[in-house]
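Contents: one structure, followed by commentary.
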2 protein chains.
Amino acid sequence: MVAARAPELDVRAAVVTEAMRLFAAHGFDGTALQDIADAVGVTKPAVLHHFPSKEHVRQAVLEEILAHWNETLPRLLLAASRGVDRFDAVFGELHRFFAADPNRARVVMREALDRPEQMKKLLRGPVRPWLAAVADYIKAGQRGLGHYADVDAEAYVVHILQLVLMATAAAPVTRAVLEDDAKGRYDRELARIARASLFSPRDAQKESPRPEPARSKKAAR
Amino acid sequence: MVAARAPELDVRAAVVTEAMRLFAAHGFDGTALQDIADAVGVTKPAVLHHFPSKEHVRQAVLEEILAHWNETLPRLLLAASRGVDRFDAVFGELHRFFAADPNRARVVMREALDRPEQMKKLLRGPVRPWLAAVADYIKAGQRGLGHYADVDAEAYVVHILQLVLMATAAAPVTRAVLEDDAKGRYDRELARIARASLFSPRDAQKESPRPEPARSKKAAR
DNA sequence: CCTACCGATCGGTAGG
DNA sequence: CCTACCGATCGGTAGG
């Protein structure tokens, strides 16, 4: 059922929502204005009444993602405490941001492929302070909190960001490799890789699962 | 300068080469048959003489990538020795495969986004034995060679594959974040993340394996 | 006059 | 392999 008569502002928002979904699935070139119009339930000229051109629809989609990102950013930067807890908080915010709507990750990835120069500007502009802040956290950790000394903070942050992007975007595909409970396993391993490659073990493991046994008591099948 | 009169077989190969480059840069939907024809230096119907449809050009591009992959696979599976050395050899082969031509990574990523179902079949088919073999290496390492006990071998391999794909595909973009010597730093950090998240330090670090600390307590409150 | 559209069609280009 | 085209569909805009 449709919400009957929706004010004109709802059309704009609906176009952005449907365009994000269609761009994520088929790309910008693979999506016709008619597809967007059909998804919203209006005519194509109606879409072009709210957006001067298809290009403006794309910009609106990217701005929507960036706006949500800027909402998440403060929570992320103010994330809890220190050490492993702070890492888990920051990583969790990042992962949830894209996992909450994998289409965000797909659109960003397609944008990076389709318009590398524009994505460079985004990285040098709005995204850079956030990357720098997280990298500073890591550098502080290297000076006394048990991070690996040989971590390249900036490169690490970029790689982890890419990994989260790719993992959330491609989750339905990669799940074809694992048969059982694939979602939980991928998410867990993703967080483990990010954590284990940052923290030297004496600080990273709070739960003492490895009491340095001469022989591991874990039975491998 | 052009090699003057090229036999008809060269046209087919040239179409695949140029199509790979164009598909990587602009995507399948963003590339016209005329673009490919222009890049090769023939007419559009000439392209369609060698390939019944644009879809066949795409398949040929994917088969080209898969063929190269299958050339690399033996070297990769027979990679040297054990432990860290074998890891470096396997990871090195994987990374070189995509770094040698980043367009391979871009085409694969676009394919995963555009045709998830077809990519699933590829993962369940030709790619799976390779993933399973590498995962088995890791499981063997967990039983005595110093890999982290909590590594999810299959999920780890998939994530590292994704990370290498994304990092090579997006390298020109991410290099916008780092100013100096970005290439070397990203490659080095990529390998470090993969290695550090797999090997427990007493085996991975030849310098100073940490003795077991009495308290593995973390600094958090 | 404004808004929010519609039916029809613009110039170009797609795959074939 | 080229010239010459097709049915359709592209993004975008006309008048009403």
Side-chain angles (χ1 to χ4, degrees), chain A residues 2-64 107 110-111 113-115 118, chain B residues 2-64 107 110-111 113-115 118:
Chain A
V2 179
R5 284 303 97 201
E8 65 278 5
L9 278 180
D10 285 350
V11 174
R12 216 196 130 88
V15 166
V16 173
T17 299
E18 296 303 322
M20 171 133 37
R21 188 176 57 78
L22 289 165
F23 290 167
H26 311 294
F28 183 77
D29 289 322
T31 302
L33 276 177
Q34 189 63 60
D35 298 334
I36 300 172
D38 291 348
V40 174
V42 298
T43 62
K44 191 173 62 172
V47 173
L48 289 168
H49 169 76
H50 294 279
F51 299 89
S53 73
K54 195 187 177 188
E55 179 61 31
H56 285 76
V57 177
R58 186 232 292 270
Q59 286 299 329
V61 168
L62 291 177
E63 279 160 21
E64 167 102 340
V107 167
R110 286 189 184 276
E111 196 66 12
L113 288 169
D114 291 347
R115 262 90 169 170
Q118 224 163 303
Chain B
V2 179
R5 287 302 97 201
E8 66 277 5
L9 278 180
D10 285 349
V11 173
R12 216 194 129 89
V15 166
V16 173
T17 299
E18 296 303 321
M20 173 134 35
R21 189 176 57 78
L22 289 165
F23 290 168
H26 311 295
F28 183 78
D29 289 322
T31 302
L33 277 177
Q34 189 64 60
D35 298 335
I36 301 173
D38 290 348
V40 174
V42 298
T43 62
K44 190 172 62 171
V47 173
L48 289 168
H49 168 75
H50 293 279
F51 300 90
S53 72
K54 193 186 178 188
E55 178 63 30
H56 285 75
V57 178
R58 187 230 292 270
Q59 287 299 329
V61 168
L62 291 177
E63 280 160 21
E64 166 101 341
V107 166
R110 286 190 185 274
E111 195 68 12
L113 289 168
D114 291 346
R115 314 257 164 127
Q118 223 162 302

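Just so it is clear, the model here is predicted, and its values are computed rather than measured. Naming convention: chains lettered A, B, ... in sequence-line order (proteins, then strands); numbering from 1 in each chain.
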Can you check whether B/T31's main-chain N or O pairs, donor with acceptor, with B/K54's side chain at less than 3.5 Å? yes
Stretch residues 16-34 of chain A: residues that reach within less than 4.0 Å of DNA chain C through a heavy atom: none
For the pair made of [atom1] in [X] and [atom2] in [N], what is the distance, rounded to whole Å?
| X | N | atom1 | atom2 | answer |
| --- | --- | --- | --- | --- |
| A/L48 | C/dA4 | CG | C1' | 13 Å |
| A/D38 | D/dC10 | CG | C1' | 14 Å |
| A/F51 | C/dA4 | CZ | P | 13 Å |
| B/D35 | C/dG15 | CG | C1' | 13 Å |
| B/I36 | C/dG15 | CD1 | C1' | 11 Å |
| B/D10 | D/dC1 | CG | P | 10 Å |
| A/H56 | D/dG11 | NE2 | P | 16 Å |

Between B/R110 and A/D114, is a salt bridge (Lys or Arg N to Asp or Glu O under 4.0 Å) present by the stated rule, with each step listed? CA-CA 10 Å; B/R110 286 190 185 274; A/D114 291 347; 2.7 Å; yes
Which is it for B/D35 and B/R21 under the salt bridge (Lys or Arg N to Asp or Glu O under 4.0 Å) test, yes or no, and what are the steps along the way? CA-CA 11 Å; B/D35 298 335; B/R21 189 176 57 78; over 6 Å; no
For a side-chain contact (heavy atoms from CB on, under 4.5 Å) check, start with the C-alpha distance between A/V47 and A/V40, then their side-chain angles and the critical distance, and finish with the verdict. CA-CA 9 Å; A/V47 173; A/V40 174; 5.6 Å; no
A/V15 vs A/H50, side-chain contact (heavy atoms from CB on, under 4.5 Å): CA-CA, chis, key distance, verdict: CA-CA 9 Å; A/V15 166; A/H50 294 279; 5.7 Å; no
Could a donor-acceptor pair under 3.5 angstrom be found where the side chain of B/K54 meets the base of C/dG16? no
From [options], pick the nucleotide closest to the side chain of [X]?
| X | options | value |
| --- | --- | --- |
| B/V11 | C/dG16, D/dC1, D/dG12 | D/dC1 |
| B/K44 | D/dC1, C/dG16, D/dT13 | C/dG16 |
| B/H49 | D/dT3, D/dC1, C/dC5 | D/dC1 |

In this structure, OG1 of A/T17 is separated from CZ of A/R12 (nearest 0.5 Å) by 11.5 Å
Rounded distance [0.5 Å steps], NE2 in B/H56 versus CG in B/L48: 11.0 Å
Want to know the stems of DNA chain D: at least 3 consecutive Watson-Crick or G-U pairs with distances under 3.5 Å, which are they? none
List the steps and the verdict of side-chain contact (heavy atoms from CB on, under 4.5 Å) for A/V16 and A/F51. CA-CA 10 Å; A/V16 173; A/F51 299 89; 3.9 Å; yes
Is any side-chain N or O of A/H50 closer than 4.0 Å to OP1 or OP2 of C/dC5? yes
Looking only at atom P, what distance separates C/dG12 and D/dA8, rounded to whole Å? 22 Å
What integer number of Å spans the C1' atoms of C/dG16 and D/dA4? 13 Å
Quick one: closest heavy-atom pair of A/R58 and A/F28, and the distance? CB-CE1, 3.6 Å
